[in-house]
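Residue numbering restarts at 1 for every chain, and letters A, B, ... go by the order of the sequence lines.
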Number of protein chains: 2
Amino acid sequence: MSDAGDSRRQDERRFWLYVLDVHAEIYGRLNRAMKAETDISVTKFDALAQLYRYPDGLTMSALSEALRVTNGNVSGLVARLEKDGLAERTMSEQDRRSFTARLTPEGRERFERALAVHDRVLSHCLDPLTEPDLAEALGSLRRLNAGLKITG
Amino acid sequence: MSDAGDSRRQDERRFWLYVLDVHAEIYGRLNRAMKAETDISVTKFDALAQLYRYPDGLTMSALSEALRVTNGNVSGLVARLEKDGLAERTMSEQDRRSFTARLTPEGRERFERALAVHDRVLSHCLDPLTEPDLAEALGSLRRLNAGLKITG
DNA sequence: TTGACTTATTTTACATATAAAATTAATTTC
DNA sequence: GAAATTAATTTTATATGTAAAATAAGTCAA
């Protein structure tokens, strides 16, 4: 008694397994290469990327939203970035509860080098996709992403 | 001075951002729903799924390979599953270094319930994808996945 | 102004992941 | 068969993530 619903479910499971595989494989390669060549993990890279986009800095809350992780997580992450000399935290004058995180000059420099490694490794990973394949995948993922934001 | 390579790189970055977004959003929804309804995280669910496929059990190394995580990680994970009463570990007769992990009856039962939740939530997540969209996405990801395994 | 929220952040307890060292048992080599 | 090597697993130190409680500062209503 198999029907169209079963085949749809099979496709959904397969889709998700591929997303998991692709994510794990590419994330792992990026992480290993960046750690080895620049001593910056993907997590730290993502945080540096946000701070790079906002030269005046971001509050802890804003950074936490941008990275889609909890406030508590960002507390520890920025503390580690400070210890690495890549970022700094300054207390707001207006609101003494609030802290602004921003890149240090060294953070900016290290991020730029990490970005080059990131792009190189990502390019290598996506080599197997032809231009039309990439465009096609981009389209489906874009639609899925838009849909996810709507369906809540 | 922009050329075809720049646009390719832009597409690669966009593709990766979508993979990250889709992964984080769906993984988060699965994790929250399964924890709330069955008290089983996605990590534990994945481990239970492997043990479910192999009723005779898997060695710690085999499980670690199947899950694509380190041996040390699986040590702790199986210990937590044991504490939950979902799995058990028995020492091999032939090789006293080796341990076989397998599901308990309760583990089997709880996994089946978690699978239903998993499928329901995943279906809801992928609702925005039409059948052709899903097939298309599946095709691109399959090609990328195959490619990743070759390029090493 | 004081008492009740709300907001920004950190802390705590825990789960999940890695890499590298340690442990313990099996295997090979001489 | 003792010594060296290999193999299976665990332990340790650390990074990364969550949820929930704690802290501390701002806001607002009475």
Side-chain angles (χ1 to χ4, degrees), chain A residues 20 23-25 27-36 38-48 50 57-84 86-101, chain B residues 20 23-25 27-36 38-48 50 57-84 86-101:
Chain A
L20 286 176
H23 176 270
E25 182 65 29
Y27 191 95
R29 289 195 200 180
L30 286 173
N31 213 18
R32 279 189 297 274
M34 295 210 299
K35 274 185 181 174
T38 71
D39 199 32
I40 290 176
S41 66
V42 169
T43 296
K44 286 177 179 175
F45 175 82
D46 288 344
L48 296 181
Q50 292 302 326
L58 286 169
T59 63
M60 300 303 277
S61 298
L63 184 53
S64 142
E65 252 189 73
L67 296 173
R68 295 162 45 98
V69 297
T70 58
N71 271 345
N73 187 2
V74 167
S75 274
L77 177 51
V78 172
R80 291 192 294 277
L81 291 176
E82 261 187 324
K83 195 159 56 109
D84 296 342
L86 303 175
E88 61 190 3
R89 236 178 324 190
T90 56
M91 188 191 277
S92 160
E93 298 291 333
Q94 300 82 39
D95 186 337
R96 290 187 313 172
R97 291 169 306 178
S98 185
F99 289 86
T100 297
Chain B
L20 287 176
H23 176 270
E25 182 64 29
Y27 191 96
R29 289 195 199 180
L30 287 172
N31 213 19
R32 278 189 298 274
M34 295 209 299
K35 275 186 179 173
T38 71
D39 201 32
I40 290 176
S41 66
V42 170
T43 297
K44 286 177 180 174
F45 175 82
D46 289 344
L48 296 180
Q50 292 302 326
L58 288 169
T59 63
M60 300 303 278
S61 298
L63 183 54
S64 140
E65 253 189 71
L67 295 174
R68 296 162 46 99
V69 298
T70 58
N71 272 347
N73 186 1
V74 167
S75 274
L77 177 51
V78 172
R80 290 191 296 275
L81 291 176
E82 260 187 324
K83 195 159 56 107
D84 295 342
L86 303 175
E88 60 190 3
R89 236 178 324 190
T90 55
M91 188 191 276
S92 162
E93 298 291 334
Q94 300 82 39
D95 186 338
R96 289 188 314 171
R97 291 169 305 178
S98 186
F99 289 86
T100 298

Trainee: Check whether any side-chain N or O of B:Ser98 sits under 4.0 Å from OP1 or OP2 of C:dA25, and answer yes or no.
Mentor: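 For C:dA25, OP1/OP2 do not have a side-chain N/O of B:Ser98 under 4.0 Å.
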Trainee: Side-chain N or O of A:Thr43 versus OP1/OP2 of D:dA15: is the shortest distance under 4.0 Å?
Mentor: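 Answer no for this pair, as no side-chain N or O of A:Thr43 is under 4.0 Å from OP1 or OP2.
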Trainee: Is the phosphate of C:dT16, meaning OP1 or OP2, less than 4.0 Å from a side-chain N or O of B:Ser41?
Mentor: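 Affirmative; the distance criterion is met.
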Trainee: Mind calculating the distance between CZ (A:Arg96) and C1' (D:dT23) to the nearest angstrom?
Mentor: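 Roughly 14 Å, once rounded to whole Å.
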Trainee: Under the side chain to side chain contact (heavy atoms under 4.5 Å, CB included) test against B:Leu48, which residue among B:Leu81, B:Asp84, B:Thr43 passes?
Mentor: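 Exactly one pass, corresponding to B:Leu81.
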Trainee: Heavy atoms only: give me the nearest B:Arg89-B:Ser75 pair and the separation to one decimal.
Mentor: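 Looking at all heavy atoms of both residues, the shortest contact is NH1-O, 4.2 Å.
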Trainee: Whole angstroms only, please: what is the CG-P distance between B:Asp39 and C:dC14?
Mentor: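 Result: 15 Å.
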Trainee: Indicate the atoms forming the closest heavy-atom contact of B:Leu58 with B:Ala62, along with that distance.
Mentor: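 The pair with the smallest heavy-atom distance is CD2-CB, 4.0 Å.
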Trainee: Would you mind reading off the distance between A:Met91 atom CE and C:dT9 atom P, rounded to a whole angstrom?
Mentor: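 To the nearest whole Å, that distance equals 11 Å.
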Trainee: How close or far is atom C1' of C:dT16 from atom CG of A:Asn31, stated in whole angstroms?
Mentor: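 Taking atom C1' of C:dT16 as the reference, CG of A:Asn31 is at 14 Å.
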Trainee: Please determine, for the side chain of B:Asp95, which listed nucleotide (C:dA8, D:dT9, C:dA25) has the closest atom?
Mentor: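 Comparing C:dA8, D:dT9, C:dA25 against the side chain of B:Asp95, the answer is C:dA25.
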Trainee: In this structure, how many angstroms lie between the P atom of D:dG17 and the NE2 atom of A:His23, rounded?
Mentor: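 After rounding, the gap between these two atoms is 10 Å.
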Trainee: Would you call A:Leu67 and A:Leu77 a side-chain contact if the rule is heavy atoms closer than 4.5 Å?
Mentor: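 Of all side-chain heavy-atom pairs linking A:Leu77 with A:Leu67, at least one is under 4.5 Å.
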Trainee: Can you tell which of D:dA19, C:dT9, D:dA25 lies closest to the side chain of A:Met60?
Mentor: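 For the A:Met60 side chain, the nearest candidate turns out to be C:dT9.
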Trainee: Might you work through the side chain to side chain contact (heavy atoms under 4.5 Å, CB included) test for A:Lys44 and A:Met34, ending with a clear yes or no?
Mentor: CA-CA 10 Å; A:Lys44 286 177 179 175; A:Met34 295 210 299; over 6 Å; no
Trainee: Taking only side-chain N and O atoms of A:Ser61, does any of them lie within less than 4.0 angstrom of OP1 or OP2 on C:dT9?
Mentor: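 Yes.
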Trainee: Spell out yes or no: do the side chain of B:Arg97 and the base of D:dA7 have one donor N/O and one acceptor N/O closer than 3.5 Å?
Mentor: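 When only heavy-atom distances are counted, B:Arg97 does reach the base of D:dA7 through a donor-acceptor pair under 3.5 Å.
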Trainee: Do A:Val42 and A:Lys35 have side-chain heavy atoms sitting under 4.5 Å apart?
Mentor: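 They are not in side-chain contact.
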Trainee: Roughly, in whole Å, what's the span from CZ in A:Arg32 to P in C:dT18?
Mentor: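 Answer to the nearest Å: 9 Å.
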Trainee: Among residues 62-84 of chain B, which residues get a heavy atom nearer than 4.0 Å to DNA chain C?
Mentor: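 Correct list: B:Arg68, B:Val69, B:Thr70, B:Asn73, B:Arg80.
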Trainee: Using only atom types and a distance under 3.5 Å, with no angle test, would you say the side chain of B:Ser64 pairs donor to acceptor with the backbone of B:Val69?
Mentor: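 Judged by distance alone, yes, a pair lies under 3.5 Å.
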Trainee: Identify, between A:Lys44 and A:Gln94, the residue whose nearest nucleotide on DNA chain D lies closer to the 5' end.
Mentor: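 Residue closer to the 5' terminus by nearest nucleotide: A:Lys44.
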Trainee: Report the distance from atom NZ of B:Lys35 to atom C1' of C:dC14, rounded to the nearest whole Å.
Mentor: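 One finds 9 Å between C1' of C:dC14 and NZ of B:Lys35, rounded.
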Trainee: When the distance from CZ of B:Phe99 to C1' of D:dA7 is rounded to whole Å, what number comes out?
Mentor: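 So the two atoms are 14 Å apart, to the nearest Å.
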Trainee: Could you tell me whether the phosphate oxygens of C:dA8, OP1 or OP2, come under 4.0 Å of any side-chain nitrogen or oxygen in A:Arg89?
Mentor: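 The answer is no; no side-chain N or O of A:Arg89 sits under 4.0 Å from OP1 or OP2.
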